[in-house]
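A short worksheet on the structure shown next.
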2 protein chains.
Amino acid sequence: MRKTSIKDIALKANVSIATVSYVLNGTRNVRPETHKRVTEAIEELNYKPNDIAKSLKRNRTNTIGVIAEDVTVFNAPDIIDGINDFGDRHDLHILLVNLRLDKRIGRNFGDTEAYRKYAANAVSELLSKQVDGIIYIGVHTRDLTGLIDAEGIPIVYTYGYTQNDISIQYNDEQASYEAMSYLVRKGHSRIAIISGLMDSIPSRQRLKGYYKAVTDFELPFDPLLIKMGDWERESGYRLTAELLALPEPPTAILSMNDVMVVGVLQAADECGVSIPGELSVIGFDDREFSDYLRPRITTMGLPLHEMGYQAIEALYHLINGNKVQTLVMPECRLIERDSVGVAQ
Amino acid sequence: MRKTSIKDIALKANVSIATVSYVLNGTRNVRPETHKRVTEAIEELNYKPNDIAKSLKRNRTNTIGVIAEDVTVFNAPDIIDGINDFGDRHDLHILLVNLRLDKRIGRNFGDTEAYRKYAANAVSELLSKQVDGIIYIGVHTRDLTGLIDAEGIPIVYTYGYTQNDISIQYNDEQASYEAMSYLVRKGHSRIAIISGLMDSIPSRQRLKGYYKAVTDFELPFDPLLIKMGDWERESGYRLTAELLALPEPPTAILSMNDVMVVGVLQAADECGVSIPGELSVIGFDDREFSDYLRPRITTMGLPLHEMGYQAIEALYHLINGNKVQTLVMPECRLIERDSVGVAQ
DNA sequence: CTGTTAGCGCATTCAT
DNA sequence: ATGAATGCGCTAACAG
């Protein structure tokens, strides 16, 4: 048997289908008595509205497409959670497309052509599904200009950006500045930094925050304390060994992610340097494991949930033709644990 | 201006809308010349099909609803990735609903009433969106009978089950048996086990595997080596301390998850027992951090991707009215790292 | 090989 | 306060 439609309701309640539609949507005043008859019929027939038909008629689906470059990468789940948070409150549904880039092309993001077709496909599917807008979640922050063409429907990027569209990023400069401030408050002045790959915007922004702190707090500036890492554990290990071999080693290290901190810990251990006794470390990302290492790692937590929330919020305004109010950049938050000690 | 529809194509190509539909879907033979005219018109007008209209007509959306109890919990992303894997190959789209249970109700899963309304809402939304089927991903394996009513549309559970529906689980008993075999091969015979909460099915199944191994390999059976943990780090710590204080301590510990291993490591460290020198440990889950701890943790990896894949595969068959062939239970895989040594 | 047409379930305009 | 009728874009049955 067919599913029950408003036609069945109308029949049962002895009204027109228009009236049913009106009580369903509250679009027009309906006499209480009629209203009651309709409501009862709906109840009795266990009627469930068909959003597909509604969408076709209204030319609006209340569904947004979320393209994640890879859902298994650590930033995605919390961003999606933020999107859901707002979506729940505003009756917006999520059509999720997972590009699975990590599995399909590994880390080779420079080669845009390798995944352009996946991205284009995703957009195409979403467009066919008539989504009201799109959110694109990158695996790491980079310029995505020209990757896809949203064909005029609203789009917002996060963990990535283009030259023409809205994107949500957290404040990298502020984050590293705040990390530095914390270290300074703990009495450190000879502070080293291990960066991520320098072709990355966050790396550059964070370095900027580092310099600003060095200037503001009048710390000794020593180029030997600035090390270029590559986000991987091994570089943390290698560069820390170099740092510790310096005639005058740093008393603290700011690492641009938690993964490299794993290498820092290992190098310190092998050099017989205790953390946080003789060397302090502060990481970035607040990865789950940073709470499981010994010592537990103090780190700058990323506002992932908030980024997702802001992204869909911005998209929501775009969809409704409202001006997107200038949002404040979400900020990282210091997660204080045990890897930073006071300098003697 | 309105989006272009097949009507526009028909007009431009001088054919009927039916013909356009036929070339679009390959549903019927079309004269090559006509075909070409249509294809060109499609190209020129940059036509994009409207799946909403198609779905309404066909009464089929090619979309499945995925209800995740919490996407930020570690098992969800890989399961979803497996779902996407199959979905990509079979033109199935994913409407994702995130119950956000961890944030909304914490770990209090016993109190079904606390989240029944969230779950019911999710199903209701999905039903309105006319999904062809539903996959339910729990945060941990338990009986979900009666939680939701899918109103007759196909549903498959994973990381959870009901008494009436299909569910995909990995083989817990085999997994712990395999872990034990590995330990035995490494020369261990006095092997302790730290379980999860005993109201959990996986805990019981794994204990079964443990007993089977004890029997098969004729290991000394000592009730003192069996400890009931609660999945949390602290219990791993506490129980390991107890184990090490035994007159005859074990030479190896099988921990039912990696988080408790963190506690094991700490306790061993504080007791001056070296791992893997004097004590071996094997965990469960292959959490990312198990590669970052020192020593790197040997652990049983969960077949999450495969579970997602099997779940949607089963659902696909259900939707198409095919018999779901009896699937083989996906199995855990040993990830060999550095926390297990040979017993002297 | 191609065209005509009904209708999927619903919101909405125009009547009354 | 309510109803009749139209059409959103598309597929498929029917007709030729």
Side-chain angles (χ1 to χ4, degrees), chain A residues 1-39 41-42 45-63 91 124-125 127-132 151, chain B residues 1-39 41-42 45-63 91 124-125 127-132 151:
Chain A
M1 179 195 141
R2 231 184 63 268
K3 281 193 188 155
T4 82
S5 78
I6 56 171
K7 204 183 280 177
D8 304 306
I9 308 294
L11 210 62
K12 174 128 189 161
N14 236 317
V15 293
S16 75
I17 60 168
T19 303
V20 178
S21 176
Y22 295 140
V23 343
L24 241 22
N25 299 301
T27 333
R28 216 153 72 173
N29 276 348
V30 172
R31 186 145 43 99
E33 189 198 306
T34 315
H35 191 286
K36 183 154 171 285
R37 278 215 316 282
V38 172
T39 317
I42 288 175
L45 298 178
N46 189 26
Y47 167 76
K48 290 274 190 304
N50 182 330
D51 273 1
I52 293 293
K54 182 172 179 168
S55 293
L56 177 60
K57 181 67 189 168
R58 305 224 348 231
N59 197 28
R60 166 111 182 219
T61 54
N62 271 16
T63 300
D91 190 33
S124 186
E125 288 173 13
L127 252 23
S128 282
K129 288 285 186 189
Q130 311 296 116
V131 296
D132 298 333
E151 310 256 354
Chain B
M1 178 195 139
R2 231 184 63 268
K3 281 192 189 157
T4 81
S5 76
I6 57 171
K7 204 184 278 179
D8 305 306
I9 308 295
L11 210 63
K12 174 127 188 162
N14 236 317
V15 293
S16 75
I17 60 167
T19 304
V20 177
S21 176
Y22 295 136
V23 341
L24 241 22
N25 299 302
T27 334
R28 215 154 72 173
N29 276 346
V30 172
R31 186 147 43 100
E33 190 197 307
T34 314
H35 190 286
K36 182 153 171 285
R37 279 215 315 284
V38 173
T39 317
I42 288 174
L45 297 179
N46 189 27
Y47 166 77
K48 290 274 191 304
N50 182 331
D51 273 1
I52 294 293
K54 182 172 177 167
S55 295
L56 178 60
K57 180 65 188 171
R58 303 223 355 228
N59 197 27
R60 167 111 182 217
T61 53
N62 271 18
T63 299
D91 190 34
S124 185
E125 288 175 12
L127 253 23
S128 282
K129 288 285 186 188
Q130 311 296 117
V131 296
D132 297 333
E151 309 257 355

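Residue numbers start from 1 in every chain, and the chains themselves are labelled A, B, ... in the order their sequence lines are given, proteins ahead of strands.
Residue Lys7(B) places at least one side-chain N or O under 4.0 Å from the OP1 or OP2 atom of dC8(D). Here Arg28(B) does not reach the OP1 or OP2 of dT2(C): none of its side-chain N or O atoms lies under 4.0 Å away. Remark: Ser55(A) is not in phosphate contact with dC8(D), judged by side-chain N or O atoms under 4.0 Å from OP1 or OP2. Remark: Ser21(A) is in phosphate contact with dA11(C), judged by side-chain N or O atoms under 4.0 Å from OP1 or OP2.
When each of dG9(C), dC10(D), dT12(C) is scored by its nearest atom to the side-chain atoms of Leu56(A), the top-ranked nucleotide is dG9(C). For Ser5(A), whose side chain is taken as the heavy atoms from C-beta onward, the closest listed nucleotide among dA4(D), dG9(C), dT13(C) is dG9(C). Of the listed nucleotides (dC10(D), dG3(C), dC1(C)), dC1(C) has the atom at the smallest distance from the side chain of Asn29(B). The listed nucleotides are dA11(C), dA12(D), dC10(D); the one nearest the side chain of Asn50(B) is dC10(D). The Val30(B) side chain lies nearest to dT2(C) when the options are dC10(C), dT4(C), dT2(C). Taking every side-chain heavy atom of Ala18(A) into account, dA5(D) is the closest of dG9(D), dC14(D), dA5(D).
Mapping Arg58(B) and Arg31(B) onto DNA chain C via the closest heavy atom, the residue that lands nearer the 5' end is Arg31(B). Between Ala53(B) and Ile17(B), the one whose closest nucleotide on DNA chain C sits nearer the 5' end is Ile17(B).
In this structure, Thr34(B) and Val15(B) have side chains that are in contact, with non-hydrogen atoms separated by less than 4.5 Å. With contacts defined as side-chain heavy-atom distances shorter than 4.5 Å, the pair Lys12(A)/Leu45(A) qualifies. The side-chain heavy atoms of Gln130(A) and Asp51(B), taken from C-beta on, include no pair separated by under 4.5 Å. Using a 4.5 Å heavy-atom cutoff, the side chains of Lys54(A) and Asn25(A) are in contact.
Atoms CG (Asn59(B)) and C1' (dC10(D)) sit 14 Å apart, rounded to a whole Å. In this entry the distance linking CG of Asp8(B) with P of dC10(D) reads 9 Å, nearest Å. In this entry the distance linking NZ of Lys57(A) with P of dG9(D) reads 10 Å, nearest Å.
Across all strands, Thr19(A) comes closer than 4.0 Å only to sugar-phosphate atoms, never to a base (heavy-atom distances). Using a 4.0 Å heavy-atom cutoff across all strands shown, Asn25(B) reaches sugar-phosphate atoms only and no base atom. Residue Asp51(A) is out of contact with every strand shown, counting any heavy-atom pair closer than 4.0 Å. Nucleic acid contact for Val20(A): none, since no nucleic acid atom lies under 4.0 Å from a heavy atom of the residue.
Between the side chain of Tyr22(B) and the base of dT4(C), no donor-acceptor pair of N or O atoms lies under 3.5 Å.
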